[in-house]
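Take a look at the structure set out below.
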Amino acid sequence: MREFAHQTAESLGRLLVVDDDLVQRTVVGKIGAKSGYDCLVVPSLELAESALSREAFDVMTVDLSLGERDGVELLRYVAERGLRDMSIVVISGCDGRVLKSTRRVAESLGLSVIGALGKPLDLDELKDLLQLPRQKRASADLRSATVDVAPERIAAGIRQGEFVVEFQPKVELETGKVVGAEALARWRTAEFGVVSPLTFIPIAEQCGLMPELTDTLLVSAMSQGRKLINRYPDFTIAVNVSGSLLSDLTLPERIEEVLRKEQVPPHCLIVEITETTAMADVDRATDILVRLRLKNIGTAIDDFGTGYSSLTALAKLPFSELKIDRSFINGCEADEDMAKIVEASVALGHAFNMKVVAEGVETQETLARIRRAGCDIGQGYLFSPSLRLARAESWVSQRNEFVSQRINWLSQQSQIGPGVDAVATKIA
Amino acid sequence: MTGFDKDVLRLLISELGPEDTAEVLRAFLDDTGRKIAVLGAEPPDPALIRQEAHSIKSSAATFGFLELSTLAQSLEQQASLMRPDQLASATATLRKVFEQTTEFARSVLLASNMEIVR
């Protein structure tokens, strides 16, 4: 066990280095000290546990192979002690897959993993990671307190029309054209400002407010989205419906009624089923989805690939669109494992004659990768965040205008006419 | 010396400074010397060899001793498949390369401020 004191003007806090390799732990400890930490360097799981039981650390680096024991046991110990504020860097000489899985284990334990490093250590990468906790602390200070909402407040909000939708555009990758938008729920309140769906959806689920809330959002999405649909006849608006609501056999009629009132053609609505695992009764769900499809309404399986969305649902239910969860899309260009999942999902979707949508597209690199994987449609910040209707209208019109100009120009340039891929590459 | 990546050691020196690098390098020589002595024990223990080879692989690479690192890596991967005589000969080769590495490392340590590699 050794101590290295920080070698900077001020201390960034305590760093615990756990590594059974003498050279490795000494190097990490010294880099830590030069980065500004007061470091305790220990060679074993047992000593790490005893250090953690005695004092608090801001950051811990842990080598996964600790002789007889392994680093995952230590991560479990950290979780049991509830040390969730400590930032963790995992290090391993094993292959990248083991490292990534370990990171997931730690995250599932609720631990704050700030990085995973292979061996031999990239010293610059280590130094960068050791600067992260400070930034994290700074942003934590800025984070506002979470809103504590009573169910009655949500019910009142529904009655008072505080729930509205914003539209996030969906772009066809082959042409670059905007072909639709997902309507996303927003709750505008006087006292808490705009409340995130991550806050109010679970509460609404728990106290049985989802049917009312879904109806409200559907009406709002259709009455507003109609403006986009009138302008572009094949434009689709997607509305989220929880799998838990697919036991109410009157749902297709209720939806049809809204479409009639708002004068929206059925093929312009896509019902996106979230949490297909929450479906109480697959037979009833099938009944409902089949009738939606017979009415020419689109159906999408949302968050595909996560625990909320299963292969069973894909195989048994008549979906017309598959939305690959953002967790597979984000960064898939740099992660072959994720890229494989994306490619396999595209193959599955196409095998079932579905359109495949990539959610959470945030960079050009990701876009290039999902295009190569064969996704049909992209959605995400790279294109646009969710927008209020007026802004969505102008965004869609500008983009589609640009796309058609571009296609005209290119076809004038070449008698043979442009390959559509070439157009798309230049646009997105 | 062959099988040595000067840039790796140079980077380590620029991060840690010559004194700390020298301290870590000495620790590496002592520690690895002890490990290699254990590996020579009769009869060879494949599990132990695998574990120590894994550790030598990473720490040798930290200083840019690539030949030693690569050799340790192949020993780590193949130890469980090797016959005792193959294990004995593989550990003997590892020892020989470590001796060459040690000789070179001592010359680096003797040069003031590790100038040899800078």
Side-chain angles (χ1 to χ4, degrees), chain A residues 1-8 17-37 39 41 43-45 61-71 90-96 98-99 116-131, chain B residues 3-5 7-36 38 45 47-70 72-77 98 101-102 105 109:
Chain A
M1 190 142 42
R2 272 183 80 180
E3 295 264 359
F4 297 109
H6 70 275
Q7 297 180 12
T8 47
V17 178
V18 190
D19 198 320
D20 66 333
D21 186 276
L22 171 67
V23 170
Q24 196 80 41
R25 65 175 179 266
T26 313
V27 170
V28 176
K30 284 180 182 292
I31 296 270
K34 289 191 197 292
S35 299
Y37 287 92
C39 310
V41 175
S44 72
L45 180 98
T61 71
V62 55
D63 188 333
L64 293 181
S65 22
L66 293 170
E68 299 290 299
R69 317 285 298 273
D70 63 65
V90 281
I91 298 174
S92 169
C94 297
D95 73 60
V98 175
L99 200 52
L117 296 174
K119 281 188 191 174
L121 278 183
D122 181 327
L123 300 180
D124 286 329
E125 225 177 317
L126 174 65
K127 274 171 46 188
D128 287 349
L129 282 177
L130 291 177
Q131 293 302 322
Chain B
F4 167 61
D5 185 343
D7 289 340
V8 176
L9 187 52
R10 201 181 282 149
L11 179 69
L12 190 66
I13 296 170
S14 77
E15 296 292 350
L16 295 183
E19 275 171 31
D20 281 345
T21 307
E23 181 195 328
V24 185
L25 183 53
R26 281 194 202 95
F28 165 74
L29 295 176
D30 292 348
D31 194 45
T32 311
R34 270 195 297 277
K35 282 178 175 145
I36 290 204
V38 172
D45 174 351
L48 181 70
I49 291 177
R50 206 172 69 90
Q51 193 183 316
E52 301 295 23
H54 174 88
S55 149
I56 295 171
K57 173 188 75 178
S58 320
S59 43
T62 305
F63 300 98
F65 300 139
L66 299 188
E67 189 183 359
L68 185 62
S69 174
T70 313
Q73 181 179 23
S74 63
L75 188 57
E76 178 195 3
Q77 285 165 352
F98 175 65
T101 307
T102 306
L109 287 168

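Computed from a predicted structure; not experimentally measured. Order of the sequence lines sets the chain letters (A, B, ...), proteins ahead of strands, with each chain counted from 1.
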| request: Name the option with the most non-hydrogen atom pairs under 4.5 Å to chain A; the candidates are B:S69, B:S55, B:A60. | output: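 So the answer, after comparing B:S69, B:S55, B:A60, is B:S55.
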| query | Heavy-atom distance under 4.5 Å to chain B: side chain of A:I31, backbone, both or neither? | reply |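 Backbone plus side chain of A:I31, per the 4.5 Å heavy-atom cut-off to chain B.
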| query | Quick one: CD1 on B:I56 to CG on A:D21, what's the gap to the nearest 0.5 Å? | reply |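 Here the interatomic distance stands at 9.5 Å.
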| task | Measure the spacing between CG of B:D31 and CD of A:Q24 and express it to the nearest 0.5 Å. | result |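 Between atom CG of B:D31 and atom CD of A:Q24 there are 11.5 Å.
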| field | Residue from A:L126, A:L123, A:V27 passing side-chain contact (heavy atoms from CB on, under 4.5 Å) with B:E15 | value |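 Answer to the side-chain contact (heavy atoms from CB on, under 4.5 Å) test with B:E15 among A:L126, A:L123, A:V27: A:L123.
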| Under 4.5 Å from a heavy atom of chain A, the part of B:L25 involved |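 When you check distances to chain A, no heavy atom of B:L25 falls under 4.5 Å.
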| query | With only heavy atoms counted, which part of B:E76 is less than 4.5 Å from chain A, the side chain, the backbone, both or neither? | reply |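 Contact with chain A involves no heavy atom of B:E76 at all.
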| Closest non-hydrogen atom pair between A:P120 and B:S58, with its separation |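 Between these two residues, the closest heavy atoms are CB-O, 4.3 Å.
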| message | Looking at every heavy atom in both A:K34 and B:L16, which two are closest together, and how far apart are they? | response |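 Scanning both residues completely, I find the closest heavy atoms to be CE-O, 3.1 Å.
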| said: Take a 6.0 Å sphere around CD of B:Q77 and say whether it holds more than 12 heavy atoms from other residues, nucleotides or ligands. | reply: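 Above 12, so yes.
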